[in-house]
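Here is the naming used below: chain letters follow the sequence lines, and residue numbers restart at 1 for every chain. No hydrogens, no waters, no symmetry mates; every other heavy atom, side chains included, goes into these values.
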Protein chains: 2
Amino acid sequence: MPPSPSRVTQADVARHAGVSRTTVSFVLSGREDMRISIEARRRILGAAEELGYRPNLTAQSLRTRKTHTLGLVSDTVAGTPHAGGMIQGALEAALERDHLLYFAESGGDPAAERKLLQGMLDRQVDGLVHAAMSTGRRRPSEQMRSRPCVLLNCLDDSGEFTCVVPDEEEAGRQAVRLLLEAGHREGVHVVGGRHLTDGTPEGVYAGRERMRGVEAVMAQAGLRLGGVSECDWSAPEHGYAAVRGLLDSPRRPTAFVCCNDRLAFGVYQAACDSGLAVPRDLSVVSFDDSELASWLRPSLTSIALPHRELGRSAVSLLLSPEGPQPAVHRVPMPVRRRGSIAAPHR
Amino acid sequence: MPPSPSRVTQADVARHAGVSRTTVSFVLSGREDMRISIEARRRILGAAEELGYRPNLTAQSLRTRKTHTLGLVSDTVAGTPHAGGMIQGALEAALERDHLLYFAESGGDPAAERKLLQGMLDRQVDGLVHAAMSTGRRRPSEQMRSRPCVLLNCLDDSGEFTCVVPDEEEAGRQAVRLLLEAGHREGVHVVGGRHLTDGTPEGVYAGRERMRGVEAVMAQAGLRLGGVSECDWSAPEHGYAAVRGLLDSPRRPTAFVCCNDRLAFGVYQAACDSGLAVPRDLSVVSFDDSELASWLRPSLTSIALPHRELGRSAVSLLLSPEGPQPAVHRVPMPVRRRGSIAAPHR
DNA sequence: GTGAAAGCGCTAACAA
DNA sequence: TTGTTAGCGCTTTCAC
């Protein structure tokens, strides 16, 4: 009747060791409360070893209702170069607690997401993580409520979920502080801004938060921004277009706060075309710390998106003994000091 | 006794519909061989709907010995920006066949890999994929043999596994053909080569294969390479260092075949510093087609690593009705024509 | 100290 | 056409 060649079971081990299945179960699950004779334990362990016994976690789950398995569904993080770190972090934290991870992507389609979550739920996952490629507000599927869950790199409006997001506002503050420390006062220009585009008319979470931090520190120092070039963050060309003209003007900016490394790359390209050198003629500070930052010449000072740490935190929270509590956790964004900032000269 | 609030089961549905559990099972699993009265079917479906019945796949698996679940373990693909496409491809193919994917990374540590595979096996996965970040030969863990499996982006020496890899040699041929088509004959220089470094004294699979393709087409056209700069592929600076001197020489190359986009970026940087323009003064063709290729000015013609397709194929093969057969599948690498190639002028 | 027996939710012979 | 019954491999109560 068994449809396929079956593996060694506890029953086999019991037979081999000359004890009952119950005893085997106790010994193999390492329970101390039932006292088993040292001799029986030895025989059982020996038999298990010899037969190459491996527990069938599927059967175990059916009984215990714990699968030691988590589900992670994202819109599209695996496809986003650096966001993969979130998965790695989640994985690490899960493994440390002996859990495995189902991973899937919805591509942003709610119907697809529901189907994926359902698949995971049907497989009795112990918990769920909903991850987003870029930080923002999301409305998690109803199914998320049927199990412990946490929102990774996104916020919800209800306030009923555990959310883990980068501390963008503080990052904005840091960016400006780096420039002020180097002696910049006037001529500080922002590239990217809130990321106001047709697709994102209100801007984007990271943009709004970073700008808030940037403006707060400037105000606090009694200074004003030289200007803000609102533009699409998606590719270097937009950064290039935003600053190309500025660089040839007589009152050109001396420092740029770029909302991500791609825009900073565009600024570098524009600088090259204008015969200007970074950081001698203009300082640049950026966000994200993608590999691009270290590839650029000179290498780019950037404030990192703590992808890995976000992933770790999300799973740690999910698997914490008390379970995830409704709250927003903001993870610090580390500053990576490199070679793109110098004192203004002129 | 139930440790946690239990979900709706088939028994509940049966009670509600006034039939036996068997009948419910037949109806819900959509089997046609047992004829069920239209009326009973209606009542059962209605009850299931009303109660919000969802199958417990864990229980189902225990009986059927199929979990509709696959395991994918890689060395470190999620951390490698573009290799994430492999995961996406694998995911897509799995979903199309109603399978979910366990995903994990070993970080290249064999002990960690064994542990991960064991965890998946204990959870009764139906099949296994072993993925590698960069193409090459690997010795898969013994456990891989205990289930159907395929090697993704890597080859094994035994020849007993199904392997899916990019067709690097053909890509090498294509790269040179692009240059020849544009009119280049002499002055074609390779940057990167086999990737001979301290860590990779024999070079790297992609390097060897690409070079083979490059040299074959050159020979076939009765031409010789202007030169090959063997260097580390890991960052633009190596490409920069490799060509900086060449560009100022009187007999400077007029076309570069760069072994990846990062090296090509280094060549662009060097060109900028030498006051040379791409593609007017020098043509560049590259491999990988990372985002960098489209960010560069002018955008870079590159031969893409078909990550997604690799992932798709691997899982399709794994889930094919006959199961994976020992063989090496080479996936074509698509050419992305952009703006970095022009006729040589001089 | 150890074992018999029940049951997790589902499938599938077999009988009715 | 439908129901009875026996497991899948494991945990756990309760009795010996």
Protein-nucleotide distance ([X], atom [atom1]; [N], atom [atom2]), rounded to Å:
{"X": "B:Arg123", "N": "D:dC10", "atom1": "CZ", "atom2": "P", "answer": "14 Å"}
{"X": "B:Leu57", "N": "C:dC10", "atom1": "CG", "atom2": "P", "answer": "9 Å"}
{"X": "B:Leu62", "N": "D:dC10", "atom1": "CG", "atom2": "C1'", "answer": "8 Å"}
{"X": "A:Arg41", "N": "C:dG1", "atom1": "CZ", "atom2": "C1'", "answer": "12 Å"}
{"X": "A:Asn56", "N": "D:dC8", "atom1": "CG", "atom2": "C1'", "answer": "8 Å"}
{"X": "B:Phe26", "N": "C:dG9", "atom1": "CZ", "atom2": "P", "answer": "20 Å"}
{"X": "A:Arg65", "N": "C:dC10", "atom1": "CZ", "atom2": "P", "answer": "10 Å"}
{"X": "A:Asp122", "N": "C:dG9", "atom1": "CG", "atom2": "P", "answer": "14 Å"}

Is there, by distance only and without an angle test, a donor paired with an acceptor across the side chain of B:Thr22 and the base of C:dA12 below 3.5 Å?
yes
Between the base of D:dG7 and the side chain of B:Arg63, is there any donor-acceptor pair under 3.5 Å?
yes
Angle between terminal axes - the helix from C:dG1-D:dC16 to C:dA16-D:dT1, 5 pairs each end, rounded to 10°:
40°
Can you tell me if [X] touches the phosphate of [N], counting only side-chain N or O atoms and a distance under 4.0 Å to OP1 or OP2?
{"X": "B:Gln10", "N": "C:dT11", "value": "yes"}
{"X": "A:Ser37", "N": "C:dT2", "value": "yes"}
{"X": "B:Thr64", "N": "C:dT11", "value": "no"}
{"X": "B:Thr9", "N": "C:dG9", "value": "no"}
{"X": "B:Thr23", "N": "D:dG3", "value": "yes"}

If you find the nucleotide of DNA chain D closest to B:Ala59 and the one closest to B:Arg21, which residue's nucleotide is nearer the 5' end?
B:Arg21
In terms of heavy-atom contacts, does CZ of A:Arg139 have more than 12 from other residues, nucleotides or ligands at under 6.0 Å?
no
Over 12 non-hydrogen atoms of neighbours within 6.0 angstrom of CD in A:Glu49:
no
Excluding sequence neighbours, so at least two apart, what forms side chain to side chain donor-acceptor pair (under 3.5 Å) with A:Gln325?
none
Kindly indicate, with the supporting measurements, whether the criterion side-chain hydrogen bond (donor to acceptor under 3.5 Å, both in side chains) is fulfilled by B:Ser25 and B:Thr22.
CA-CA 5 Å; B:Ser25 176; B:Thr22 311; over 6 Å; no
Ring-plane angle category for A:Tyr102 and B:Tyr102, please: parallel below 30°, perpendicular beyond 60°, tilted otherwise.
parallel
Base, sugar-phosphate, or nothing for A:Ala11, non-hydrogen atoms under 4.0 angstrom?
nothing
Residues pairing under salt bridge (charged side-chain N to carboxylate O under 4.0 Å, His left out) where one sits in residues 308-332 of chain A, two or more places apart or in two chains, turn out to be A:Glu92-A:Arg308, A:Glu92-A:Arg312, A:Glu96-A:Arg312
Is there a side-chain hydrogen bond (donor to acceptor under 3.5 Å, both in side chains) between A:Thr69 and A:Arg123 once you walk through the steps?
CA-CA 9 Å; A:Thr69 289; A:Arg123 285 172 179 78; over 6 Å; no
